[in-house]
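Here the structure is laid out as C-alpha cells; the discussion comes afterwards.
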Amino acid sequence: KKTPLNQLIRRHICAGEGGLSPEKNQAALIKAFAKAYDANKNLRLYIIGDGALMGELKGLVHSLNLDGKVILTGNLDNPFMLMKDCSCFILPSLHEGQPVSLLEARLLKLPIIMSNFSSAASSLFDNGQLVIGNSVDDIYNGLIAFINNEVPTCEFEYADYNNITIKQFEDIINAKVLPQLNNIIVMVSTGVYSFLKESWNFIIGFIISIYVLASKELFAAQFKKIT
C-alpha cells in the first residue's frame, strides 16, 4: 500500500507570533498537533514567541514525545525568515485584537487557519482562510484539513490594503474626530472670549475707578490751594 503524497511531504506549520500566554491557546494547539502528528509524521510545528508559559509548554511538548517536532523558537529578530519557509500559518487564539501576524502571513501567501475569536470578522478575507473553533478537536480538524490541502489562501496586495486602511482611517477622522475637535475649539474659544470680555470689563472698571479717585484727590488738593 502506497503512502499518500500529502503524507510524504514535510509540512512546516507556523503558529502566530506573540507572547506565550493562556489567551493565545498554545497548549490546545500542541495537544491537537500531537493527534495530527500521529496521522502524518512529516508535520513540524514552530511556535514563535516567548512568555510566562515557556516552561509549561516545553514540559507539555516533552510529555507528548514531540521534542524536535514542536519547536518553541522564543523571540526572533526576523520571524519572516522562518515564516516564509513554512507551509501554513495557524492562529488558534481565544482572544485577539487586530493580529498583525495574519497580515504578515497573507503577505507571504501562506494558507491560514484561524480561530473564530471575537474580533476575527475584521480580519477575514473572501476565501482567504479556514475559520475554526478553539478546542483541541477543532484545531486538530483544521490541521487535518491542511494535510489534505483544504486550507485556502488568497491574493493579498499590501499596497491596496494600505490604501483602503488609510482611506478608512481618514473617513473616521473626518466623520467623528474633526467634528468633536471643532466643538472643543468652539467651546474653548467661547470660554476664552468670555474670560477676556469679563477681564476687560474688570480692567476698564478698575482704571475708571482709579481715575475717579485720583481726580477726587487732585480736585481736593486744588481746592485747598484755592481756599
Side-chain angles (χ1 to χ4, degrees), residues 3-76 79 82-102 104-106 108 110-121 123-124 128-153:
T3 303
L5 181 61
N6 62 3
Q7 293 187 22
L8 292 175
I9 301 172
R10 176 159 292 183
R11 305 293 190 91
H12 290 187
I13 303 167
C14 180
E17 305 166 52
L20 304 182
S21 54
E23 69 274 10
K24 297 297 184 179
N25 208 25
Q26 288 117 345
L29 172 60
I30 292 170
K31 292 173 184 176
F33 180 84
K35 295 173 63 178
Y37 181 74
D38 286 340
N40 188 333
K41 300 298 185 184
N42 285 296
L43 290 179
R44 298 293 182 272
L45 174 63
Y46 295 87
I47 299 178
I48 301 174
D50 201 349
L53 295 184
M54 175 63 85
E56 181 179 327
L57 294 177
K58 281 185 175 179
L60 179 60
V61 169
H62 183 71
S63 69
L64 294 172
N65 297 314
L66 292 173
D67 295 307
K69 312 300 185 298
V70 175
I71 298 91
L72 298 164
T73 69
N75 291 325
L76 300 176
L82 172 60
M83 291 175 65
K84 71 181 182 63
D85 288 331
C86 289
S87 311
C88 181
F89 180 83
I90 186 166
L91 188 69
S93 301
L94 302 175
H95 308 288
E96 283 285 350
Q98 180 65 35
V100 176
S101 57
L102 281 177
E104 294 170 345
R106 294 192 193 284
L108 295 171
L110 293 176
I112 292 173
I113 305 169
M114 58 181 285
S115 60
N116 192 21
F117 46 84
S118 58
S119 62
S123 301
L124 301 182
Q129 60 281 308
L130 174 65
V131 180
I132 60 173
N134 51 41
S135 71
V136 172
D137 286 341
D138 291 330
I139 299 170
Y140 166 74
N141 289 332
L143 294 174
I144 293 300
F146 164 63
I147 292 172
N148 294 328
N149 299 316
E150 296 171 354
V151 177
T153 185

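We count residues from 1, following the sequence as given. Small disclaimer: the values here were computed from a predicted structure and weren't measured.
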Value rounded to 0.5 Å, distance of [atom1] in [X] from [atom2] in [Y]:
X      : Y      : atom1 : atom2 : answer
Asp85  : Tyr46  : CG    : OH    : 9.0 Å
Ile113 : Leu143 : CD1   : CG    : 5.0 Å
Ile147 : Cys88  : CD1   : SG    : 10.0 Å
Glu23  : Glu96  : CD    : CD    : 8.0 Å
Leu110 : Leu102 : CG    : CG    : 11.0 Å
Ile47  : Thr73  : CD1   : OG1   : 9.0 Å

If we only count heavy atoms from C-beta on, is the [X] to [Y] side-chain gap below 4.5 Å?
X      : Y      : answer
Leu124 : Met114 : yes
Asp137 : Lys35  : yes
Asp38  : Lys41  : yes
Leu60  : Lys31  : yes

Original post:
side chain to side chain contact (heavy atoms under 4.5 Å, CB included) between Leu130 and Glu150: does it pass, once the steps are laid out?
Top reply: CA-CA 8 Å; Leu130 174 65; Glu150 296 171 354; over 6 Å; no
Using every non-hydrogen atom in the two residues, find where [X] and [Y] come nearest and quote the distance to one decimal.
X      : Y      : result
Ala15  : Leu45  : CB-CD1, 4.3 Å
Arg106 : Ile112 : CG-CD1, 3.5 Å
Gly142 : Ile132 : CA-CG2, 4.2 Å
Ile13  : Phe33  : CD1-CE1, 4.4 Å
Gly49  : Met54  : O-CE, 3.8 Å
Ala105 : Phe89  : CB-CG, 3.6 Å

Subject >> Option passing side chain to side chain contact (heavy atoms under 4.5 Å, CB included) with Leu91 (candidates Cys14, Ser101, Ser115) >> reply: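 Checked Cys14, Ser101, Ser115 against Leu91; only one passes side chain to side chain contact (heavy atoms under 4.5 Å, CB included): Ser101.
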Original post:
Is a side-chain donor or acceptor of Gln26 paired with a backbone partner of Gly19 at a separation under 3.5 angstrom?
Top reply: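 Yes, the answer is positive, given that a donor and an acceptor are paired below the 3.5 Å cut-off.
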**OP:** Without swapping roles, check the side chain of Asn25 against the backbone of Pro92 for a donor-acceptor pair under 3.5 Å.
**Re:**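 Indeed, once roles are kept as given, a pair shorter than 3.5 Å links the two residues.
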**OP:** Show your working on side chain to side chain contact (heavy atoms under 4.5 Å, CB included) between Ile90 and Ile139 and close with a plain yes or no.
**Re:** CA-CA 9 Å; Ile90 186 166; Ile139 299 170; 3.8 Å; yes
Original post:
Would Leu64 and Tyr37 satisfy side chain to side chain contact (heavy atoms under 4.5 Å, CB included), going step by step from the backbone distance to the final call?
Top reply: CA-CA 11 Å; Leu64 294 172; Tyr37 181 74; over 6 Å; no
Original post:
Where do Met83 and Ile48 land on the side chain to side chain contact (heavy atoms under 4.5 Å, CB included) test, with the steps shown first?
Top reply: CA-CA 9 Å; Met83 291 175 65; Ile48 301 174; 4.1 Å; yes
